[in-house]
Amino acid sequence: MPFERFVQTGRIAKASAGPLKGRLVAIVDVIDQNRVLVDGPLTGVPRQEYRLNNLHLTKYRIKFPYTAPTRIVRKAWTESDLKAQWKVSPWSVKAQNIRKRSSLNDFDRFKLRYAKRQRNKLLTIAFNTLKKRTKADGTPRVLKKDRRERLRAEKAKGGKKAAAKK
């Protein structure tokens, strides 16, 4: 089946335009092909008709009877623990990040840019080090400085070369 999200009673949708933009609503009734009756008792949305063009349907659906009153919608909404499910959804996380990013002031944007620059420097250094220490076929490469350090360590221990010089 190509479609998974249908306009149906109990479907949770996100308003995308007007004064309700960004709020979650439950579809209570379908008026016609273009309009639905929505209610958002826990999101501060009074029962009203709303255009389908201004709704984004979510994967969530709560069970309540056709044209149920607000108190029953509220009860079904709280029982389904929809608020917690929505908070962890990728859609909500992305919206929160966008909201956070848009509320940054000039100094916060500067700090963010500076932190990204520092992170990218560290990543570049780590990448170049790995690139230098790896051959094209993926095997580790022994560098001259590694050999020198190993020889110094052996001298310090009194290894073969140190014993040969005595």
Side-chain angles (χ1 to χ4, degrees), residues 1-8 10-27 36 38-46 48 50-63 73-74 76-162:
M1 197 178 281
F3 299 108
E4 296 175 359
R5 300 175 185 175
F6 298 105
V7 177
Q8 57 189 336
R11 176 68 62 187
I12 303 299
K14 185 175 179 184
S16 65
L20 301 181
K21 184 175 182 175
R23 295 191 187 182
L24 291 180
V25 295
I27 297 175
V36 291
V38 297
D39 196 2
L42 298 179
T43 57
V45 178
Q48 59 187 294
Y50 208 73
R51 291 184 57 204
L52 277 172
N53 290 352
N54 297 337
L55 286 179
H56 294 297
L57 300 177
T58 66
K59 66 180 181 180
Y60 304 108
R61 182 169 184 245
I62 54 178
K63 301 278 186 182
V73 175
R74 181 183 297 116
W77 193 301
T78 54
E79 286 175 356
S80 67
D81 197 28
L82 191 68
K83 192 174 186 178
Q85 291 177 19
W86 176 253
K87 281 251 188 239
V88 297
S89 71
W91 193 348
S92 172
V93 171
K94 186 175 182 180
Q96 289 170 4
N97 288 340
I98 289 170
R99 194 176 305 118
K100 193 185 304 180
R101 174 77 55 104
S102 66
S103 69
L104 293 178
N105 61 25
D106 193 32
F107 185 56
D108 291 335
R109 281 190 294 275
F110 168 76
K111 288 192 295 187
L112 179 65
R113 191 171 64 242
Y114 188 78
K116 280 185 171 182
R117 197 179 307 149
Q118 296 300 322
R119 182 199 60 200
N120 288 337
K121 279 182 184 178
L122 292 173
L123 285 174
T124 303
I125 290 168
F127 175 75
N128 288 336
T129 303
L130 288 173
K131 190 174 173 184
K132 212 182 290 181
R133 293 186 168 274
T134 308
K135 293 181 183 176
D137 62 353
T139 58
R141 175 180 286 151
V142 180
L143 302 176
K144 283 184 180 179
K145 74 177 188 178
D146 294 338
R147 289 189 203 117
R148 274 188 247 129
E149 288 174 8
R150 193 179 69 236
L151 289 173
R152 284 188 192 133
E154 285 180 10
K155 280 184 184 179
K157 286 182 187 175
K160 296 177 184 175
K161 293 193 177 187

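Just so it is clear, the model here is predicted, and its values are computed rather than measured.
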Has Arg23 got a side-chain atom pairing as donor or acceptor with Gly44's backbone, closer than 3.5 angstrom?
yes
Quick one: do Asp146 and Arg133 satisfy side-chain contact (heavy atoms from CB on, under 4.5 Å)? Show the steps, please.
CA-CA 10 Å; Asp146 294 338; Arg133 293 186 168 274; 2.7 Å; yes
Of all the heavy-atom pairs spanning Lys132 and Arg141, show the shortest one and how long it is.
O-NH1, 3.4 Å
Just by distance, do the side chain of Thr134 and the backbone of Lys131 share a donor-acceptor pair under 3.5 Å?
no
Would you call Asp39 and Arg74 a salt bridge, taking side-chain N to carboxylate O under 4.0 Å as the test?
no
Distance col, row Leu112:CG vs Arg101:CZ, nearest 0.5 angstrom, shows 5.0 Å
Grab the two heavy atoms, one from Leu104 and one from Asp108, that are nearest each other, plus how far apart they are.
CD2-CB, 3.6 Å
Check: Ser103 side chain, Lys100 main-chain N or O, donor-acceptor pair, under 3.5 Å:
yes
State the CG-CG distance between Leu42 and Leu24, to the nearest 0.5 angstrom.
10.5 Å
Please check: side-chain N/O of Gln48 versus main-chain N/O of Pro46, any donor-acceptor pairing under 3.5 Å?
yes
Are Lys116 and Arg113 packed together at the side-chain level, in the sense that at least one heavy-atom pair is separated by less than 4.5 angstrom?
no
side-chain contact (heavy atoms from CB on, under 4.5 Å) assessment of Ile12 paired with Trp77
CA-CA 10 Å; Ile12 303 299; Trp77 193 301; 3.9 Å; yes
Rounding to 0.5 Å, atoms OG1 (Thr43) and CG (Leu20) come to a distance of 8.0 Å
Using side-chain contact (heavy atoms from CB on, under 4.5 Å), reason through Lys59 and Arg5 one step at a time and then give a plain yes or no.
CA-CA 6 Å; Lys59 66 180 181 180; Arg5 300 175 185 175; 4.2 Å; yes
In terms of ring plane angle, is the pair Phe110 and Phe107 parallel, tilted or perpendicular, where the classes change at 30° and 60°?
parallel
Exam field: side chain Ser80 to backbone Ile62, donor-acceptor pair closer than 3.5 Å:
no
Could you please spell out the steps behind the side-chain contact (heavy atoms from CB on, under 4.5 Å) verdict for Trp91 and His56?
CA-CA 11 Å; Trp91 193 348; His56 294 297; 3.6 Å; yes
Closest contact, heavy atoms only, Ala13 versus Leu57:
CB-CD2, 4.0 Å
Neighbour count above 12 (heavy atom, 6.0 Å) for Arg109 CZ
yes
Identify the two heavy atoms, one from Arg147 and one from Val142, that lie closest to each other, and give their separation to 0.1 Å.
NH2-O, 3.6 Å
Ignoring hydrogens, what is the shortest heavy-atom contact between Lys14 and Ala95? Give both atom names and the distance.
NZ-CB, 3.8 Å
Would you confirm whether Ser102, through its side chain, and Ile98, through its main-chain N or O, come within 3.5 Å as a donor-acceptor pair?
yes
